[in-house]
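First up is the structure itself, then whatever we jot down about it.
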Amino acid sequence: MVGLSSANKKRELCYLTGEVELWMVACLLLNGYGWMEILSCDAGRCCYIVNFRREVVEKNPSLHQSKLPVETRFFSVPIKSDSKYLQYSRPHHFSLRKLNNYHPSRTIIILNRYEHINSRVLGENYNSCVLDGKERVNNVNGRGKSVSKVLIPNLPDESNGGYVAPISSSFWEWKPKLTVHYEKSGSENVQSPPLLFLPGFGVGSFHYEKQLKDLGRDFRAWAMDFLGQGMSLPCEDPTLGSNGGDKLESDRENIIWGFGDETETWAEKLVYSVDLWRDQVRYFVEEVIQEPVYLVGNSLGGFVAIYFAACHPQLVKGVTLLNATPFWGFLPNRVRYPRLSRLFPWAGTFPLPSIVRKLTEILWQKISDPRSIEQILDQVYADHSTEVDKVFSRILETTQHPAAAASFASILFAPQGQLSFREALSRCRMNNVPICLLYGKEDPWVKPIWGLQVKQQVPEAPYYEISLAGHCPHDEVPEVVNFLLRGWIQNLESHGNTALPLLDTPESVDDHFAWDLEFIREGSRKSTRVKFHVSKFSTWNRLISRFKSVLENGGTNSQ
């Protein structure tokens, strides 16, 4: 242990690695310091900044946003404890409060006597931090628009020998002729919670490759293709007598499945709807994963994730929404609106009516054109430096499947689910299903207003707004999404003993916070801004909780 440096030095360096017991802090009191107060806590297991003088010092539970007096001497003390809160009362007004309980880490705290202090996350685990005095922080209590820089882990670089979780590709036969393609990583992490990634419309499990390779190092991770999309398209024609039935074998590539006049027996009730995908997820979780999962869904996948969680909360440990679409389907649900649905005699089943076939041929010719796919990707990806060649080629490959056009028509005309998005959110909240919101700010389709509406309905859900990122933040800034997702799961798995990512003390957040998250990609430093939204409702609840805590502590101290 190294103590305080001499007073004539400009910089004061005080570091302590490992853990000490609470009695060491008490010994400091008995050695003549007289009065000591906890000023702040870093992201180590429990590392505090304490003031050894009697002068008044402003406190802020987030160390990287603290403005520290230049003449105050400090010491960094990690405290080992298994309880969430510690309190110690002495006649000298010494108070100690444990704000967070992270996993153990070796943390170095560097204090600059003549500069304000900022912080970066860097260390042996994802919660360690190192202080950096390069930037000034204009606000002591974190209010306003103060921004801190945080260095987060990079994606593993397998080209330079970095370890990535290997991905395996498999098929699971749910029902006769209905085979689901999925990818998996992290099979060896048997003690870790399982994650299931649900893709957006028009893509598949390949869209989560960056998550499977990275998060698969810590968790068991799955990503599936919805039926009617990706590699979960049918392996046979769902109808009899489709065009091309009498064509030569050399002309078979021009056949379009699903345009026949009669339905195959196995496809009589087949329609690619959110109800079908909800049931697909249910049986996949029950039969393949075989335990409750954390669901992560982008766009359409987000809608299905929250819909599934509302219907089967016992199979869900938590839901993360990545720019989830707040609605899906145009036609009324037959169960919910039986009379209204009679006005629409066809709702996505096979075979397709003749007028729908003609409309599908026209639309599909435009949608499946490579130039249209390029334009869509250019629109939804806000960061145009993102490599999308693989995504483009996989989407183009799917459009060339003989069942793709009819499957697209079935999806387009499928009825709505039995629950709306808002109703599904309400059910999840009623059943205490944890929800996390990660939204790309520059999304041209699901704009931030939709994420804020979810936050308003579920105020306790952490909401991280990411910029620069569009409709697919997990593919544009996977470093940020993986960091936030990993931290959120750790927070839930530790029952709140590990703080939410970027929030040393979530109960102290009173306003919107922003960070510049920095990481290295392909040898270059990149930065992405993340803003944390706090609803007024949750802030009011937090103030009430504080008031109750003060009353309780006051009553205890008076005794």
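In this text the structure is predicted, and so the values were computed from the model without any measurement. Reckoned from all heavy atoms, side chains included, excluding hydrogens, waters and symmetry mates.
Between Asp261 and Phe259 there is no side-chain heavy-atom pair separated by less than 4.5 Å. Within the 4.5 Å cutoff, the side chain of Pro238 has heavy atoms near those of the Phe350 side chain. Counting heavy atoms from C-beta on, the side chains of Phe513 and Lys531 never come closer than 4.5 Å. A 4.5 Å side-chain heavy-atom check between Met224 and Gln280 finds at least one atom pair inside the cut-off. Side-chain contact between Arg278 and Asp275 is present, with heavy atoms from C-beta onward closer than 4.5 Å.
A centroid separation of 6.0 Å or more is found between the aromatic rings of Trp328 and Phe303. For Phe413 and Phe330, the gap between ring centers reaches or exceeds 6.0 Å. Aromatic rings of Trp172 and His181 (six-membered ring for Trp) have centroids beyond the 6.0 Å cut-off, not under it. Separation of the Phe421 and Phe327 ring centroids does not fall under the 6.0 Å cut-off. Aromatic ring centroids of Tyr439 and Tyr464 lie 6.0 Å or more apart.
Side-chain N or O atoms of Arg394 include none that pairs as donor or acceptor with a backbone N or O of Val391 at under 3.5 Å. Of the possible polar contacts, one joining the Asp443 side chain to the Trp445 backbone as a donor-acceptor pair under 3.5 Å is found. A donor-acceptor pair under 3.5 Å links the side-chain atoms of Ser410 to the main chain of Gly348, judged by distance alone. At distances below 3.5 Å, not a single donor-acceptor pair connects side-chain atoms of Asp237 with backbone N or O atoms of Trp257. A distance-only check finds no donor-acceptor pair linking the side chain of Glu188 to the backbone of Val190 [under 3.5 Å]. A donor-acceptor distance shorter than 3.5 angstrom exists from the side chain of Arg220 to the backbone of Asn189, with no hydrogens or angles considered. Without hydrogens or angle criteria, Tyr307 side chain to Gln418 main chain gives a donor-acceptor distance under 3.5 Å.
The minimum heavy-atom distance between Glu476 and Ala469, with the atom names listed, is OE2-C, 3.7 Å. Contact between Ile395 and Gly202 at its shortest, heavy atoms only, is CG1-O, 3.8 Å. Considering every non-hydrogen atom in both Thr528 and Ser467, the closest pair reads CG2-O, 3.1 Å. Nearest heavy atoms, Gly440 versus Pro473: N-CG, 4.1 Å. The shortest heavy-atom contact between Ser494 and Thr498 is OG-N, 2.8 Å. His474 and Lys210 get closest at one heavy-atom pair: O-CD, 4.5 Å.
Taking the charged nitrogens against the carboxylate oxygens, Glu465 and Arg529 have no contact shorter than 4.0 Å, which rules out a salt bridge. Residues Arg427 and Glu423 are not paired through a salt bridge, judged by the lack of any N-O separation under 4.0 Å between the basic side chain and the carboxylate. For the pair Lys526 and Glu479, the salt-bridge criterion is not met [side-chain N within less than 4.0 Å of a carboxylate O]. The residues Glu460 and Arg429 are annotated as salt-bridged, a charged nitrogen and a carboxylate oxygen being separated by less than 4.0 angstrom.
Atoms CG and CD1, on Asn323 and Ile466 in that order, are 8.0 Å from each other to the nearest 0.5 Å. Residue His207 holds its NE2 atom at 10.5 Å from CG of Leu322, rounded to the nearest 0.5 Å. For the atom pair CZ (Phe197) and CD (Glu209), the distance works out to 12.5 Å, reported to the nearest 0.5 Å. Annotation: the span from Cys235 atom SG to Leu178 atom CG amounts to 9.0 Å, rounded to 0.5 Å. Within the model, atoms CD1 of Ile489 and OG1 of Thr320 stand 6.5 Å from one another, a figure rounded to the nearest 0.5 Å. Put simply, CZ on Arg371 and CG on Asp369 are 4.5 Å apart, with the number rounded to the nearest 0.5 Å.
Around the CG atom of Leu343, the shell of radius 6.0 Å holds more than 12 heavy atoms that belong to other residues, nucleotides or ligands. Under a cut-off of 6.0 angstrom, the local environment of CZ in Arg336 is crowded, with over 12 non-hydrogen atoms contributed by other residues, nucleotides or ligands. Within a 6.0 Å radius of CD in Gln365, other residues, nucleotides and ligands contribute 12 heavy atoms or fewer. Heavy-atom contacts from other residues, nucleotides or ligands closer than 6.0 Å to CD of Glu291 number more than 12. Counted within 6.0 Å of CD on Glu262, heavy atoms from surrounding residues, nucleotides or ligands total 12 or fewer; the atom is thus considered open.
Side-chain atoms of Gln456 and Tyr463 form no donor-acceptor pair, as typed in the model, at a separation below 3.5 Å. Donor-acceptor pairing under 3.5 Å is lacking for the side chains of Tyr208 and Asn298. Counting only N and O atoms by type, the side chains of Ser407 and Gln229 include no donor and acceptor under 3.5 Å apart. Between the side chains of Ser159 and Asp157, at least one donor-acceptor pair of N or O atoms lies under 3.5 Å. Side chains of Ser372 and Gln375: no donor on one and acceptor on the other come within 3.5 Å.
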(request) Please report the C-alpha distance between Gln457 and Ser426 in whole Å, then the side-chain angles of each, then the deciding distance to 0.1 Å, and finally whether the side-chain hydrogen bond (donor to acceptor under 3.5 Å, both in side chains) criterion is met. (result) CA-CA 8 Å; Gln457 188 176 353; Ser426 297; 2.8 Å; yes
(request) List the steps and the verdict of side-chain hydrogen bond (donor to acceptor under 3.5 Å, both in side chains) for Glu493 and Tyr294. (result) CA-CA 11 Å; Glu493 290 294 306; Tyr294 286 100; 2.5 Å; yes
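Residues meeting the ring-ring contact (aromatic ring centres under 6.0 Å, His included) test with Tyr283, sequence neighbours left out: Trp174.
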